[in-house]
Amino acid sequence: MRNIVTTLIITLIGVLSATEVEAQQDDTFAPPSVEVILPDEDDILDKTLATSSPYYYTNLMLKYRNGTEPLSDMEYYYLYYGYAYQEGYRPFVKNNALDDMLTVMASINPERPTVGQLERVIEYGIEAMELDPFNPKVLNIMAFAYGALDDPERERLYYDHLNGILRAIESSGTGLKEESPWHVLMFSHAYDVVAAKGYAYNEARIISRTTEFVPLVRKTGNKIKGFYFDYSRVYRNKPDDVVLKRDRTWQFNNLAPREYK
């Protein structure tokens, strides 16, 4: 199939040996070529709540879900960070549909998926996005599933959403210092950003009340040891009776923004 699935092959990995991981990692890290925009909570609230704003949240979400026209980087930015102020943002609610989606994916041969498997993946993906509409893993798998079903329009839609969300997160900082972390809305999004760059990682380490460091399995060619992430929005929404316990997320490779061939 000569579409983006050929360049956006997703390989879901449960556990890799160190040798396999090192063979797959890129050798260097190139900082993203986007302007750093530290999320300003007052600005985000003002822009997403005002009905006269081009970033009014209801309109942005309709545009995102309908996929009738492309979104700009700033629209993805306000969509992602504005979600922290929406009623649906519940980062500690278990996403059973995501678990079901990953279970089906674990049984799929990416080269020869069946129509039934792909349809179930999409069904679970749509349900998973009700709780986590900007999950990079889900967007990636949806692009794969629609591409495998020979639906290039929806494949491209989710591919664009994936890269738009990754760019929004990467625009929030450099990720290279505790003082300039990448801001995320879910714990798993941090791992997905790292994996999207082709790096394998170890479990995150707590640096401060709001910041964690995701170490790489090995340093990059330019000596980057890992990346910093701000989880303040997650912690602000933690119910009092919730005890933090995070499982390692699934990793996926080959998701850096690409051009059509």
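Inter-residue side-chain proximity for Y80 and V184 is flagged as met; some heavy-atom pair is nearer than 4.5 Å. Side-chain contact between L139 and M129 is present, with heavy atoms from C-beta onward closer than 4.5 Å. Residues Y191 and F229 fail the side-chain proximity criterion, which asks for heavy atoms closer than 4.5 Å. Put simply, the side chain of F227 does not reach to within 4.5 Å of the side chain of V193, judged on heavy atoms. Residues E127 and N96 have side chains not in contact (no heavy-atom distance under 4.5 Å, counting atoms from C-beta outward). Counting only heavy atoms from C-beta outward, the side chains of D43 and Y78 approach each other to under 4.5 Å. Annotation: side chain of R236 is in contact with side chain of R233 (closest heavy-atom distance under 4.5 Å). With a 4.5 Å cut-off on side-chain heavy atoms, M186 and N135 do not count as touching.
Residues E178 and S208 approach most closely at OE2-CB, 3.9 Å, considering heavy atoms. When every heavy atom of Y56 is checked against every heavy atom of T48, the shortest pair comes out as CD1-O, 3.4 Å. Of all heavy-atom pairs between M61 and P133, the closest is CE-CG, 4.3 Å. Of all non-hydrogen atoms in D230 and S232, the two that sit nearest each other are OD1-OG, 2.6 Å. Looking at every heavy atom in both residues, P215 comes nearest to A204 through CD-CA, 4.2 Å. Residues V194 and Y201 come closest through the heavy atom pair CG1-CD2, 4.1 Å.
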Please lay out, stage by stage, how I108 and V121 fare under the test side-chain contact (heavy atoms from CB on, under 4.5 Å). CA-CA 10 Å; I108 284 181; V121 161; 3.9 Å; yes
Is there a side-chain contact (heavy atoms from CB on, under 4.5 Å) between Y76 and H161? Walk through the geometry before answering. CA-CA 8 Å; Y76 279 116; H161 283 345; 2.8 Å; yes
May I have the step-by-step check of side-chain contact (heavy atoms from CB on, under 4.5 Å) for L118 and F144, ending in yes or no? CA-CA 9 Å; L118 295 169; F144 162 77; 4.0 Å; yes
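Cluster annotation: V217 is not connected to F213 through the hydrophobic network of ILVMFWY side chains, with a link wherever side-chain heavy atoms come within less than 4.5 Å. Linking ILVMFWY residues whenever their side-chain heavy atoms come closer than 4.5 Å, directly or via other members, places L166 and M74 in the same cluster. Linking ILVMFWY side-chain heavy atoms closer than 4.5 Å, directly or via other members, places I126 and M105 in a single hydrophobic cluster. Hydrophobic clustering (ILVMFWY, side-chain heavy atoms < 4.5 Å, transitive): L38 and I169 are in distinct clusters. Tracing side-chain contacts under 4.5 Å through hydrophobic residues (I, L, V, M, F, W, Y), one never reaches V36 starting from Y228; they form parts of separate clusters.
Distance check, rounded to the nearest 0.5 Å: CE of M101 to CD of E123 gives 11.0 Å. Atom OG of S172 and atom CZ of R167 lie 14.0 Å apart (nearest 0.5 Å). Distance check, rounded to the nearest 0.5 Å: CG of L157 to CZ of R65 gives 11.5 Å. If you take CE on M142 and CG on N140, they are separated by 11.5 Å, rounding to the nearest 0.5 Å. The distance from the CD1 atom of I165 to the CG atom of D160 is 11.5 Å, given to the nearest 0.5 Å. Of the inter-residue distances, the one linking H189 atom NE2 with H183 atom NE2 reads 15.5 Å to the nearest 0.5 angstrom.
The backbone N or O of L185 sits less than 3.5 Å from a side-chain atom of Y89, completing a donor-acceptor pair. In this structure, Y124 contributes its side chain and L102 its backbone to no donor-acceptor pair below 3.5 Å. Of the possible donor and acceptor atoms, one in the side chain of N163 sits under 3.5 Å from a partner among the backbone N and O of Y159. Side chain of S180 to main chain of T174: a donor-acceptor pair is present (N/O by atom type, distance under 3.5 Å, no hydrogens or angles). Between the D151 side chain and the Y146 main chain, no donor and acceptor come within less than 3.5 Å of each other. A donor-acceptor distance shorter than 3.5 angstrom exists from the side chain of N66 to the backbone of L62, with no hydrogens or angles considered. With hydrogens and angles disregarded, a donor-acceptor distance shorter than 3.5 Å links the side chain of Y57 to the backbone of L79.
Of the charged side-chain nitrogens involved, none lies within less than 4.0 Å of a carboxylate oxygen, so that R120 and D100 do not count as a salt-bridged pair.
The aromatic rings of Y235 and Y231 sit perpendicular to each other, their planes meeting at more than 60°, with 30° as the lower class boundary.
Between Y81 and Y77, a ring centre-to-centre spacing shorter than 6.0 Å is recorded.
With a 6.0 Å radius and a threshold of 12 heavy atoms from other residues, nucleotides or ligands, R205 has its CZ atom at or below the threshold.
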